[in-house]
Amino acid sequence: MKRALFPGSFDPITNGHFDIIKRGIKLFDEVVVAIGINADKKYMFSLEERKAFIEKSFENEPKVKVVTYTGLTIDFCDKIDAEFILRGLRNPADFEFEKAIAHTNRRLSKIETVFLLTAAKTSFISSSIVRDVIRNHGDYTVLVPESVRVNQ
């Protein structure tokens, strides 16, 4: 089984994340969406809300699993027998940042990182932009899946 881990904080899941996951399930037998837990970070949405947003978005897709984890991503990959890390790239800055992480992960383990370019229509969306729009009472509904829209 080709299992890929798609890690992130997903605070909240965006249409860009959604697109990467949908495209990832065409490439892998299973995509494990892994919400990293960082006690030092302040989130807009609770862990339970973030998990529910993703589960609701993919409730009819058996190839998508949603989990939470702590620690190094490569250690979690080893724990769940994931051979691949799936990442989305929006821009050159993302590439440089993700490239360094991928090289580090490859040096510390045998994990391969697979990059997918985000769709042009979602390449400008980030969770931080969505949070800013929500905080300022803007129309965020075009930036996130329906599961997030119905909860605000």
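A distance of 10.0 Å separates NZ of Lys63 from NZ of Lys26, quoted to the nearest 0.5 Å. Here OH of Tyr140 is found 12.0 Å from CG of Asn15. Values are rounded to the nearest 0.5 Å. The distance from the CD atom of Glu49 to the OH atom of Tyr43 is 13.5 Å, given to the nearest 0.5 Å. To the nearest 0.5 Å, atom OG1 of residue Thr141 and atom CD1 of residue Ile134 are 10.0 Å apart. Atoms CG and CG, from Leu27 and Leu116 in turn, are 6.0 Å apart once rounded to the nearest 0.5 Å. The CG atom of Asp94 lies 10.0 Å from the CG atom of Leu117; values are rounded to the nearest 0.5 Å.
Ion pairing between a basic and an acidic side chain is recognised when a charged N comes within 4.0 Å of a carboxylate O; Lys56 and Glu59 show such pairing. Between Arg3 and Glu30, at least one side-chain nitrogen of the basic residue sits less than 4.0 Å from a carboxylate oxygen of the acidic one, meeting the salt-bridge criterion.
Checked against Thr14 for a side chain to side chain contact (heavy atoms under 4.5 Å, CB included), the options Leu143, Ile125, Ile129 give a single hit: Ile125.
The shortest distance between side-chain heavy atoms of Thr118 and Ile20 falls below 4.5 Å. Counting heavy atoms from C-beta on, the side chains of Val130 and Val148 never come closer than 4.5 Å. Contact annotation: the side chain of Pro145 approaches that of Ile13 to within less than 4.5 Å [non-hydrogen atoms, C-beta and beyond]. Using a 4.5 Å heavy-atom cutoff, the side chains of Phe45 and Phe53 are in contact. By the 4.5 Å heavy-atom criterion applied to side chains, Phe28 and Val114 are counted as neighbours.
Looking at residues two or more places apart in sequence or on another chain, you find a side-chain contact (heavy atoms from CB on, under 4.5 Å) between Arg131 and Asp11, Pro12, Met44, Ser127, Ser128, Arg135. Lys121 is linked by a side-chain contact (heavy atoms from CB on, under 4.5 Å) to Ala119, counting only residues two or more places apart in sequence or in another chain. Applying the salt bridge (Lys or Arg N to Asp or Glu O under 4.0 Å) test to Glu112 and every residue at least two apart in sequence or in another chain returns Arg106. Checked against salt bridge (Lys or Arg N to Asp or Glu O under 4.0 Å), Arg87 has the following partners two or more places apart in sequence or in another chain: Glu98.
A donor-acceptor contact shorter than 3.5 Å is absent between the side chain of Asn136 and the backbone of Gly138. Side-chain atoms of Arg90 do not come within 3.5 Å of backbone N or O of Thr122 as any donor-acceptor pair.
Ring to ring, Phe18 and Phe58 are close: their centroids are under 6.0 angstrom apart.
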Does the salt bridge (charged side-chain N to carboxylate O under 4.0 Å, His left out) test come out yes or no for Lys99 and Glu96, once each step is laid out?
-> CA-CA 5 Å; Lys99 180 178 75 165; Glu96 290 301 326; 3.5 Å; yes

Check residues 64-86 and write down every donor-acceptor pair under 3.5 Å in which the side-chain atom is one partner and the other belongs to a residue at least two apart or another chain.
residue, atom, partner, partner atom, Å
Lys65, NZ, Pro62, O, 2.8
Tyr69, OH, Thr73, OG1, 2.7

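Note on Val31: it does not cluster hydrophobically with Leu5, by side-chain heavy-atom contacts below 4.5 Å among ILVMFWY residues. In this structure, Met1 is not a member of the same hydrophobic cluster as Val32, with clusters built from ILVMFWY side-chain heavy atoms closer than 4.5 Å.
In the model, Ser147 has a side-chain atom that pairs as donor or acceptor with a side-chain atom of Ser57 under 3.5 Å.
With a 4.5 Å cut-off between side-chain heavy atoms of Ile, Leu, Val, Met, Phe, Trp and Tyr, the cluster of Ile101 takes in Phe97.
The two residues Lys41 and Ser9 come nearest to each other via the heavy atoms NZ-OG, 3.7 Å. Between Val33 and Ile54 the shortest heavy-atom distance is CG1-CD1, 3.8 Å.
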